[in-house]
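Reading through the structure tokens given below for one structure.
Quick note on labels: first sequence line is chain A, next is B, and so on, each numbered from 1.
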Amino acid sequence: MRTLTKEIASKIGQTVTVQGWLHKKRLMGGLTFIVVRDRSGLAQVLVKDKDEVEKLREHQIGTVLSVEGLVVADDRAPGGAEIHDAKLSVEVPVMEQPPVEIDKPLDHDSGTLDTLFEYRPVGLRNPREQAVFKIQAEVIEALRQYFRRNDFTEVHTPKLLAAATEGGAEVFKMDYFGKEATLAQSPQFYKQMMVGVFERVYEMGSVYRAEPSATTRHMTEYVSVDAEFGFVTLSDLMDLLSGMLRAVADDLWEKCPKELTHWKAEKPLLPAKIPAISMAEIHQKYTDATGTSTIGEKDLRPDEERWICEYAKENLDSEAVFVTDWPAAEMKFYHKAQDEHPEFADRIDLIFRGIEIVTGSMRENRYDVVLQQLKDMAGGDPEAPGFKYFLMAMQAGMPPHGGFGMGLERLVQKMIGLKNVKEASLFPRDINRLAP
RNA sequence: GGGCUCGUAGUGAAGUUGGCCUAUCACGCCUCCCUGUCACGGAGGAGAUCGCCGGUUCGAAUCCGGUCGGGCCCGCCA
């Protein structure tokens, strides 16, 4: 019977067998400490028998071990318990030293990220790297719970598409049995269609962007958290997002204290309602504060995004900000303009700790209007397979609805405090990395 | 796509106004010592044709040209 390392503290006085990877060897002469890693964590084994220690000669970290011994309580042991009188059995010997260190923090300086990713299959065994993805898994779990609490249905939409979807971002083209197909850059049209079915839906899945962006916040493949719901206003959407971000943070700091400590992560300051500031006002404040004029610009500069978050943290007790009142000239065809001020789109971005993690908007739900906007704003062909079925759903009756897309890795990056979004991806894909 | 910047043992760095470099340090690895370590400690050792090609020079890690591969910022976006 296998005992997990996390269970040994509750098995004092019992003989147990743990299985895992050799994580650390400390030879002290007459006694040797061995640390074994399994899925639940680490356990210390004390070996005094020279013959037992000899079994590990020249065996590298990563060697697969089975260890049988007596669990003894000792304040000097990590976790208050360790295994004594151990009989070691090497299940899978490893004689090659790992290319990167597993038992000490790996370098995350920007200049060395290439090495970090090149050796990911091994480097991810490092507990501190693992922690990133334990946190990511918990974020997914918290989001799923939050959406379910709010009566959303989870869906999975196709990523192989007949044609480009939203326009704007570049899409990957590929051969599909002699026809041209594209990879989805978002589930936008499908999740809107599903509003007509379930009213409230969400999806968490990979999307693909063929943009030649070489920055700390872009990847060509990332996990998009998408939600869409009907019979709502932009205000409802902002409330949903405010609640969501807080739910994730609360859950994370409750469930993953150890993992967060690895990264010295600080719980974000998030009010019940994240403050909303119009783009024009941000431009004005930024211009006043820095002397660099951005007034009239149609988007926020990256530096403005960083600046407004600092401002909000100091003055509004929030590390996140909604940016409202985007110029309608920058609207996508499926967006809805504001009823009272049609020069603005009914759109928000959510900026968290200096980076845009969410874009959301109300969608144009009137068939005639969205059809016209498609022709006028996107030059789209209503009969093209990329638009035809979307329009079919719109014509079949759509309530006022809206939704958002959020970059999972960006959220994890900012919760932890990583410098590059790629550090929050198991196997990141960017403009010049396709492997591992 | 534009601008800037970097490439030195398995890993991270120093050296880069040419010679003192037979290339330095730390981690890791190997050998030995060490009975309470937990980033253990101590002694010794192996490991690098300084990304690659060409040039300048008596002499190149260092200067020049080319080339390959990274990174950061901007644009665009999540």
Sidechain N-carboxylate O distance under 4.0 Å for [X], [Y]:
X	Y	result
A:Arg433	A:Asp114	yes
A:Glu228	A:Arg363	yes
A:Arg217	A:Glu356	no

Paired with [N] by Watson-Crick or G-U wobble geometry, both distances under 3.5 Å: which nucleotide is it?
N	value
B:rC58	B:rG19
B:rU31	B:rA43
B:rU67	B:rG51
B:rC72	B:rG3

If you only use heavy atoms from C-beta on, which nucleotide in [options] is closest to the side chain of [X]?
X	options	value
A:Asp109	B:rA13, B:rC74, B:rU35	B:rA13
A:Glu101	B:rG12, B:rG10, B:rC74	B:rG10
A:Pro212	B:rG36, B:rA78, B:rG75	B:rG75
A:Leu31	B:rG10, B:rU35, B:rG71	B:rU35
A:Lys104	B:rG28, B:rC30, B:rC77	B:rG28
A:Arg306	B:rC74, B:rG10, B:rU37	B:rC74

With nearest nucleotides of RNA chain B determined for A:Phe117 and A:Pro98 from heavy-atom distances, which residue corresponds to the more 5′ nucleotide?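 Between the two, 5'-proximity favours A:Pro98.
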
Mapping A:Ala214 and A:Thr359 to their closest nucleotides on RNA chain B, which lands nearer the 5' end? A:Ala214

Over all strands shown, is [X] touching base, sugar-phosphate only, or nothing at heavy-atom distances under 4.0 angstrom?
X	result
A:Glu82	base
A:Leu408	nothing
A:Pro302	sugar-phosphate
A:Arg57	sugar-phosphate
A:Ser110	sugar-phosphate
A:Asp74	base
A:Val358	sugar-phosphate
A:Gln60	sugar-phosphate
A:His84	base
A:Asp75	nothing
A:Phe404	nothing
A:Arg128	nothing
A:Pro78	base

Does [X] make a side-chain N or O approach to OP1 or OP2 of [N] shorter than 4.0 Å?
X	N	value
A:Asn432	B:rG69	no
A:Arg26	B:rC40	yes
A:Thr216	B:rC72	no
A:Tyr119	B:rU11	yes
A:Thr115	B:rG12	yes
A:Lys24	B:rU37	no
A:Asn420	B:rC72	yes

Rounded distance in Å - [atom1] ([X]) to [atom2] ([N]):
X	N	atom1	atom2	value
A:Arg125	B:rU11	CZ	P	18 Å
A:Glu211	B:rG1	CD	C1'	12 Å
A:Gln188	B:rC77	CD	C1'	14 Å
A:Glu203	B:rA78	CD	P	16 Å
A:Ile348	B:rA78	CD1	P	11 Å
A:Leu27	B:rA39	CG	P	17 Å
A:Asp107	B:rG70	CG	P	19 Å
A:Met219	B:rA78	CE	C1'	9 Å

In terms of ring plane angle, is the pair A:Trp263 and A:His108 parallel, tilted or perpendicular, where the classes change at 30° and 60°?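 It falls in the perpendicular class, over 60°.
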
Ignoring hydrogens and angles, are the base of [N] and the side chain of [X] linked by a donor-acceptor pair under 3.5 Å?
X	N	answer
A:Ser213	B:rC77	no
A:Glu170	B:rG1	no
A:Arg410	B:rC77	yes

Kindly indicate whether the side chain of A:Glu96, heavy atoms from C-beta on, has any atom under 4.5 Å from the side chain of A:Gln60. no

Quick check: do A:Val36 and A:Trp21 have side-chain heavy atoms less than 4.5 Å from each other? no

Separation of the C1' atoms in B:rC68 and B:rG54, to the nearest angstrom: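 Rounded to whole Å, the distance is 15 Å.
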
Expressed as a whole number of Å, how far does the C1' atom of B:rU62 sit from that of B:rG15?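 My reading of the C1' atoms in B:rU62 and B:rG15 gives 9 Å.
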
Side chain to side chain contact (heavy atoms under 4.5 Å, CB included) evaluation trace for A:Arg125 with A:Arg37: CA-CA 9 Å; A:Arg125 295 181 175 204; A:Arg37 173 178 68 88; 3.5 Å; yes

Is the distance from the ring center of A:Tyr334 to that of A:Phe387 below 6.0 Å?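 No; A:Phe387 has its ring centre 6.0 Å or more from that of A:Tyr334.
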
Single hit among A:Glu305, A:Glu319, A:Glu266 for salt bridge (charged side-chain N to carboxylate O under 4.0 Å, His left out) with A:Arg353: A:Glu319

Does the aromatic ring of A:Phe33 sit over the six-membered base ring of B:rG36, closer than 5.5 Å centre to centre and tilted less than 30°?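 By the stated criterion, A:Phe33 and B:rG36 do not stack.
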
